[in-house]
Amino acid sequence: MYRSLITYIHMYSISMVSSSHAKEPACTQIGDLENAQLIRNGDIMLGGIFSFHSSWKNSQDNYEKNPLRLQCTSLNFRDFQFAQAMLFAIEEINNSSDLLPGLTLGYKMYDTCGSIARSVRVALALLNGNEIEALPAEACTTPAQVQVIMGETSSSPTAAIATAIGPFHIPMISHFATCACLSDKIKYPSFLRTIPSDYYQSRALAQLVKYFGWTWLGAVRTNDDYGNNGMATFIATAQQLGVCVEYSISFFRTDPLEKIQNIIEIIKTSTSKVIVTFLSNMDWDVLLQEFSRNNLTGYQWVGTEGWISDSQIAAMDKSHILDGAIGLSIPKTHVSGITKFMFNVKPLNSSNSVLFREFWEALFSCKFNQSNSGEIQKKCTGEEDLTGVENSFTDMSLMPIFYNVYKGVYAVAHALHEILNCNKTCDKNVQLDPYTILQQLQKIHFKTKEGDFVYFNENGDPPAKYEIINWQPRENDTVEFVSVGIYDASLPEDRQLSVTNMSLIWAKNSLQVPVSVCSEKCPHGTHKVLQKGKPVCCYDCVRCAEGEISNSTDSISCLKCFPEFWSNEGRDACIKKEELFISYEEIMGALLTTASLLGTCMTALVAAIFFRHRKTPLVRANNSELSFLLLFSLTLCFLCSLTFIGQPTDWSCMLRHTAFGITFVLCISCVLGKTIVVLMAFKASLPGRNITKWFGPTQQRVSVLGFTLIQVIICIIWLTMAPPLPIKNFKKFKDKIVLECDLGSTIGFWSVLGYIGLLAMMCFLFAFLARKLPDNFNEAKLITFSMLIFCAVWITFIPAYVSSPGKFSVAVEIFAILASSFGLLICIFIPKCYIILLKPEKNTKKNMMGKGSRKT
């Protein structure tokens, strides 16, 4: 709005000057004169623009005549205080012999009534003067009436003024306009300020809400440059920190009541409990009344320097809407002598008796002239004393802002001191121009009497430092502004925010930090999953999948455990997976070990029986040498099953399969030898046959050795090319590790098994052929039955081994070894032991030859 207004003023001024040169002998001012509210002449004039009134009456224009002059309302004591601070600084400088000796500073101050249009108008009046008529040459060559403009208080009027005077390079120093937009030196080349930019305040507020864990906020801002730009920067920074804004609504103090009611409804229906504000004290004047009527309590308010340390707002808050508020303020300070000067208000009565009378009447609640309304009021004498008066003018809580005004005036004085080459006296012959002053202001660096350094950066901004203020209710409905920390933008980012006093009071006088989140924090063992169509702060907490964990709150994702670990029940820690292998301690391992040792003992017992009765016909008839070798191999078969029990190692993996393969081949070779002996014996008993010489003891030994040697060669090749090695199998079970032996070469493994199977089938075939031999004790029948069991066991072993999970596949293999070994031992040797021990009468040569008595 104000940009189009400025463009119009510039174009209109150019057209008027052109027409004046062409037709009129002099430049004539069009429109009413603007009289300064406060004025004092001096060698060098400073301009002041303040809102002595905060509002104005709206008037209806019919566009048939000039608009009426703005009627200002609502006297604003705050800006009177700022004007007094400016006067105090000027008075100090004029009385100083060190700064600008021999020169005096004067001032012209105008009231803008909070109107942007009037702000631009009075700014141009400060530049041009109020002459009704001037010669063209004078109009174009006369320097600006003031060298520097001090003000304005609000950002939007300040931006409008800075836009208008920027092309003329008139320096403007604001004490309270914080909008970050004003740091743009392209748009506002002559603007400076003594208060930090909202760029830093917005970022500080974002860090503050993040510090207290508030991630779900409401936002209310004033609908001007201060509120809109400040809130935009805050929201952008907050989003980078993971903070979400549920709503952001704007408001201006001249808005209708319906707009305020809409704001109240939005706040009440929202779920956020913390509200960040970019509002001025004049906005709160309007909002607090409606908030109180609607009992809008229980919310945690976060404020800016515009109101957080304003005692006038605290005094207005009778319903305790803002109790426990927290926010940023300009650091507290003290300017010696300013309080006494503030209370001497008579110097304000310099030129505008109307404004002074209005101010005096409001200050002391009296009237110089009684009104006709019939209401009797205290009469003003003009000699009233501020001692004992308590109102916003006597309140010194805005001392930091007074100090900003003070520093601005001193900055101008130091710049002029350098330009005028002041020592004991100043060079009054130096022609001052605003551009030179502006350049010098950008270079100044001085120390105030209070010990603070004053300088401007390349954007015309001072160093950014804030106090964190907490509203703490006290007795008698008073509020104490307690400093609980600082924010210093000059420090590294991780040290900028420091909350030093944790004795904070929150909304509803609570001592607990309020909670304002869209979703509660996700506990350990869960991770966040965003809710569709909602901000990132709104999410569901989903339990981590098996094998994944989260050991921090609000985890974005779950972490997979390393392969050897698995998630615990709470999904918040990885625990080592259970290692599966058949151990001697578990029941299955103990039973298998017992069975193996039992088989070994039984074999040893049979061997002892056979050895004791080795000269008996039964033992001698069944080839005692092969029998003892078979018993020895069966012992090895039983014992080799023990290599499958226990945690696999490099040696146990290589030993278990090779020992199993060799001992079983030795065992089957012996059985095969015994079967061939039985067949040869039968063939040799036929007339004209002499076959025994072809398969005597030597040939039997050689056959057993040969068959076994072939298996040994297969095992050596297997171990040389790809030996079995221990591995950790993570695939069979998700939460367990199977410790097993990798076969290395499946061809080698199945070659070993295949060779055993081939010998077993040959043995079964020969035994089957010899099953009906006429011997009274035909061993071939026993071998046939044992081979039938052996083959049945190993045929069923294959599918059982392939389908068994984990350590059970090893148990199946052990069971097959033990079952087949027991089958051979029981089927071949137990019947003989029965004869030897229980039927000794049958253990004769005659009975062996089938010549004993037969049952009929």
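In this chain, residues are counted from 1 in sequence order. What you see below is based on every heavy atom in this structure, not just the backbone, and it leaves out hydrogens, waters and symmetry mates.
If you check the side chains of His175 and Thr153, you find a donor sitting under 3.5 Å from an acceptor. Side chain to side chain, Ser329 and Ser309 meet the donor-acceptor criterion of an N or O pair below 3.5 Å. For the residue pair Glu384 and Thr381, a side-chain donor N or O sits within less than 3.5 Å of a side-chain acceptor on the partner. Between Ser51 and Asn76, the side chains place no donor N or O within less than 3.5 Å of an acceptor N or O (distance only, hydrogens not considered). Donor-acceptor pairing under 3.5 Å is lacking for the side chains of Glu450 and Thr333.
From Gln81, atom CD reaches atom OG of Ser397 across 7.5 Å, with rounding to the nearest 0.5 Å. For the atom pair SG of Cys426 and CG of Leu416, the computed distance is 8.5 Å after rounding to the nearest 0.5 Å. Here CG of Asp255 is found 7.0 Å from OG of Ser250. Values are rounded to the nearest 0.5 Å. Summarising the geometry, atom CZ belonging to Phe191 is positioned 9.5 Å from atom CD1 belonging to Ile173; distances are rounded to the nearest 0.5 Å. To the nearest 0.5 Å, atom SG of residue Cys422 and atom NE2 of residue His417 are 5.0 Å apart. Taking CG of Asp323 as the reference point, atom CH2 of Trp506 lies at 13.5 Å (rounded to 0.5 Å).
Ion pairing of Asp461 with Arg193 is present here, as a side-chain N (NZ or NE/NH1/NH2) and a carboxylate O approach within less than 4.0 Å.
Shown here for Pro196 and Ile330, the closest heavy-atom pair between the two residues is CD-CD1, 3.8 Å. Of all heavy-atom pairs spanning Gly230 and Asp198, the tightest one is CA-CB, 4.5 Å. Here the shortest heavy-atom pairing between Ala177 and Ser154 reads CB-O, 3.9 Å. The two residues Leu46 and Val146 have their closest heavy-atom pair at C-CG1, 3.8 Å.
Taking the centre of each ring, Phe402 and Tyr406 stay at or above the 6.0 Å mark. The ring of Phe359 has its center closer than 6.0 angstrom to the ring center of Phe77. Aromatic ring centres of Phe88 and Phe341 lie closer together than 6.0 Å. Separation of the Trp284 and Trp301 ring centroids falls under the 6.0 Å cut-off.
Counting only distance, with no hydrogens or angles, the side chain of Thr277 and the backbone of Val220 share no donor-acceptor pair below 3.5 Å. Although no hydrogens or angles enter the test, the distance criterion places no donor-acceptor pair under 3.5 Å between the side chain of Glu480 and the main chain of Arg474. Between the side chain of Asp225 and the backbone N or O of Cys179 there is no donor-acceptor pair closer than 3.5 Å. Under a 3.5 Å cut-off, the side chain of Gln147 and the backbone N or O of Val412 do not form any donor-acceptor pair. Panel note: side chain Asp224, backbone Phe252; no donor-acceptor pair is recorded below 3.5 Å. Checking side-chain atoms of Asn94 against main-chain N and O of Leu105 turns up a donor-acceptor pair under 3.5 Å.
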- Task: List the steps and the verdict of side chain to side chain contact (heavy atoms under 4.5 Å, CB included) for Trp56 and Gln71.
- Result: CA-CA 5 Å; Trp56 63 91; Gln71 297 184 41; 5.9 Å; no
- Quick one: do Phe393 and Phe80 satisfy ring-ring contact (aromatic ring centres under 6.0 Å, His included)? Show the steps, please. CA-CA 8 Å; Phe393 185 81; Phe80 274 102; 7.1 Å; no
- Query: Would Trp471 and Ile313 satisfy side chain to side chain contact (heavy atoms under 4.5 Å, CB included), going step by step from the backbone distance to the final call?
  - Reply: CA-CA 11 Å; Trp471 282 34; Ile313 296 175; 4.0 Å; yes
- For side chain to side chain contact (heavy atoms under 4.5 Å, CB included), just list the numbers for Leu328 and Ile308, CA-CA rounded to whole Å, side-chain angles, deciding distance to a tenth of an Å, and then say yes or no. CA-CA 7 Å; Leu328 302 177; Ile308 197 65; 5.7 Å; no
- Can you list the steps and then say if Ile326 with Gln300 is a side chain to side chain contact (heavy atoms under 4.5 Å, CB included)? CA-CA 8 Å; Ile326 193 169; Gln300 180 61 48; 4.0 Å; yes
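Because its NZ or CZ atom is not both nearer than 6.0 Å to the ring centre of Phe343 and within 45° of the ring axis, Lys340 does not count as a cation-pi partner of that residue.
Taking the six-membered ring for Trp and thresholds of 30 and 60 degrees, Tyr466 and Tyr487 have ring planes inclined between 30 and 60 degrees apart.
Annotation: side chain of Leu363 is not in contact with side chain of Leu75 (no heavy-atom distance under 4.5 Å).
Each salt bridge (charged side-chain N to carboxylate O under 4.0 Å, His left out) pair with one or both residues in residues 72-99, not counting sequence neighbours, appears once here: Arg40-Glu91, Arg78-Asp310, Arg78-Asp395, Glu92-Lys449.
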